[in-house]
Amino acid sequence: MPACPRGWPALSGPVALVERSLVVYRHSWHLLLAEIFEPVLYLLSLGVGIGALVGEVPGLRPDQGGYAAFVAPALLATAAMNGAMDETTFNLYAKLRTLRTYDAILSTPLSVRDIAFGEVLWALLRGTAVTVVFAAALAAFGMVTSPWALLVLPGALLVGFAFASLGLAVVTFVRSWHDFQLVQLFMLPMFLFATTFYPLGVYPRPVQIVVECLPLYHAIQLIRLPATGVVDGGVAVAAGYLLILGTLTLALALRRLRTALVR
Amino acid sequence: MAVAPPGRRLARGAAALSDSAVRVPALGAFGYWMRRYRRTWRGSVVISVVNPLLFLAALGVGLGRLVDAHQSAHLSGVAYADFLAPGLLAASAMQNAFVEATYPVHEATRPRGAYPAAAATPLSPGDILTGHLMFIAFRIAVSALAFVLVLLAFGVTGPATGALLLPCVLLVGMAFAAPLCAWAVGVERPSRLNGAYRFVAMPLYLFSGTFFAVGQLPGWLQWAVTLTPLYHGTELVRGVALGTAPAGPAAAHAGYLAALALAGTVLAHRGYARRLHR
């Protein structure tokens, strides 16, 4: 193990951790691939099935595609979120508490910062892999109509960063496996209500304000607007929100991991 | 604890019955699962009750506004929330069956699990299976009751229809639970259980007419869907809930589900005997 080079960001530590994850997933990469299966099923069922029931979506021109084109970017944002967050919640908790992997890693030249950055980097890679395959599936279904759709990839990268960092911060508060049910109790309503399946306009104004505060709402905006050919201030707001969320939660996670791991 | 957990009194009753002169051994196994449930019932409320209700609120009410404005002929004049609610009720019975009849069965068969321990007592493999199936039926019924009560509160169904819905939903759940027990007792690798959820339960959930009418699917897929148990479950529960089920087709759906539950139970009996007495 070469000593980490000086200066910020010292990448060799985080990269070593990513390398470890790649080795761990060497034989089970198909499990990651299976994660695409669920959003694609949702897309077929909701986009095609409910699409016929919904007809036109308010605020979406007919040439921008029907209901499927409305739901698809939201499912892509959700897939990027889940791909990144599964890694920094369930898997990270196992390594933190059950397997005590980090206790072993800290006896090497790697620091807590290397662990935090490395896990976020790995979660980001995983989220991106999910996104790329899902976006390819969308293109294959003929649902990519605008060149702006290329912005979906950097967008998904930012979504992955924000939720990987958020997951890392959340997991430092988790006391036992049972607490993940509380996490689910937040994640599921967010998935259902953050304009994934219908536009913000169906809610009364007070509910709209609550929804606009949800991180997944901004993740969906960041993906949906360019995917439907709209690039305006909304994209910038969403990107700013996710960048700030990711940075703040990463800083928080770093502080809390230091106290949790170094005693 | 301020509120008595739903399982406590039943567990005590089951224990009393299995200790009494009547001696129903399966109640001993049932009592074991009920006593376990006293510690974990809160989490199961999230999975089995809150989850379908959130789907109902988000899709039935939110998406319903778009669907009802469009007035698609596929729904034949039914409001989307009324169409969706019975579908979610049937699907939640399937999901509860998957939650209760895969991992717990697999865990219980492991060397230090509940089944080998129970098999070392006078309980027969059949008793162990019956007791566990009784517990799964209890879980499905309690979740269905909670769901139906919400439907009553929102005026989706009347009390008479609600009472009729409960046995239908229980039948749907057991049509999945019994075959799943038969399968899960022989599974060696737990990743298979995840695979069953992802590649069997999820596709059924999304394509068996829960969210949209099966008639909207292309012909070949429609034909495949009509063979699946959740399709019959959804048709039965929706027909009863909306009062649109003619007796003949309803009986056919119920018969299909009952046959599946029965065949699953017979297979599970054989599987449990092979696994626990070897």
Side-chain angles (χ1 to χ4, degrees), chain A residues 27-28 30-31 33-60 66-67 70-71 74-75 176-204 207-208 211, chain B residues 39-40 42-47 50-76 78-80 83-84 87 91 191 194-195 197-218 221-222 225:
Chain A
H27 298 298
S28 52
H30 57 274
L31 290 181
L33 206 64
E35 266 179 23
I36 311 294
F37 185 74
E38 199 169 300
V40 168
L41 268 192
Y42 260 94
L43 181 66
L44 290 177
S45 170
L46 299 173
V48 181
I50 295 187
L53 299 179
V54 167
E56 275 174 36
V57 183
L60 204 63
Y67 184 67
F70 177 80
V71 173
L75 290 175
S176 77
W177 285 106
H178 296 288
D179 280 357
F180 281 109
Q181 300 233 328
L182 297 175
V183 179
Q184 274 312 103
L185 211 51
F186 177 73
M187 298 297 288
L188 181 71
M190 185 165 79
F191 168 60
L192 288 171
F193 293 102
T195 69
T196 318
F197 301 113
Y198 43 85
L200 193 62
V202 305
Y203 296 120
V207 182
Q208 284 183 15
V211 171
Chain B
R39 293 195 300 270
T40 56
R42 283 177 202 80
S44 77
V45 170
V46 174
I47 297 170
V50 175
N51 182 322
L53 290 180
L54 281 173
F55 266 87
L56 186 60
L59 299 183
V61 181
L63 191 64
R65 292 185 60 174
L66 299 185
V67 173
D68 293 340
H70 186 59
Q71 297 209 322
S72 166
H74 291 294
L75 298 184
S76 45
V78 178
Y80 188 59
F83 174 85
L84 182 65
S191 61
N194 263 335
Y197 191 80
R198 180 167 268 160
F199 297 113
V200 179
M202 277 309 284
L204 286 182
Y205 178 58
L206 290 171
F207 292 96
S208 297
T210 310
F211 298 103
F212 56 88
V214 173
Q216 293 172 239
L217 292 169
L221 193 56
Q222 242 180 76
V225 165

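Letters A, B, ... are given to chains in the order of the sequence lines, protein chains preceding strands, and every chain is numbered from 1.
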| Who wins among A/Leu44, A/Ile50, A/Thr196, A/Leu185 for the most heavy-atom pairs under 4.5 Å with chain B? | A/Ile50
| query | Once you round to the nearest 0.5 Å, how far does CG of B/Leu63 lie from OH of A/Tyr67? | reply | 4.5 Å
| query | For A/Leu192, which of B/Asn51, B/Leu56, B/Leu54 qualifies under side-chain contact (heavy atoms from CB on, under 4.5 Å)? | reply | B/Leu54
| note | If one checks every heavy atom of B/Val50 against chain A at 4.5 Å, the contacting part turns out to be side chain
| Side chain, backbone, both or neither of B/Ala69 within contact of chain A (heavy atoms, under 4.5 Å) | neither
| request: Say whether, by atom type as modelled, one donor and one acceptor occur between the side chain of A/Tyr198 and the main chain of B/Ala58 under 3.5 angstrom. | output: yes
| field | chain B contact via A/Phe37 - side chain, backbone, both or neither, heavy atoms under 4.5 Å | value | side chain
| request: Could you have a look at B/Asn194, B/Leu217, B/Val67, B/Thr210 and say which one has the most heavy-atom pairs with chain A under 4.5 angstrom? | output: B/Val67
| request: Find out whether B/Leu66 and A/Phe197 are in side-chain contact, i.e. whether some heavy atom of one side chain is under 4.5 Å from a heavy atom of the other. | output: no
| said: To the closest 0.5 Å, what do you measure between CZ (B/Phe211) and CG (A/Leu53)? | reply: 12.0 Å
| said: As an exercise, state the distance from CZ of B/Phe212 to OG of A/Ser45, rounded to the nearest 0.5 Å. | reply: 4.0 Å
| said: I need the minimum non-hydrogen distance between A/Gly49 and B/Gln216, along with the two atoms involved. | reply: O-NE2, 2.7 Å
| query | Taking atom CD of A/Glu38 and atom CZ of B/Phe199, what is their separation to the nearest 0.5 Å? | reply | 9.5 Å
| field | Part of B/Arg65 within contact of chain A (heavy atom distance under 4.5 Å) | value | side chain
| message | At a 4.5 Å cut-off on heavy atoms, which part of B/Tyr205 comes close to chain A: side chain, backbone, both, or neither? | response | side chain
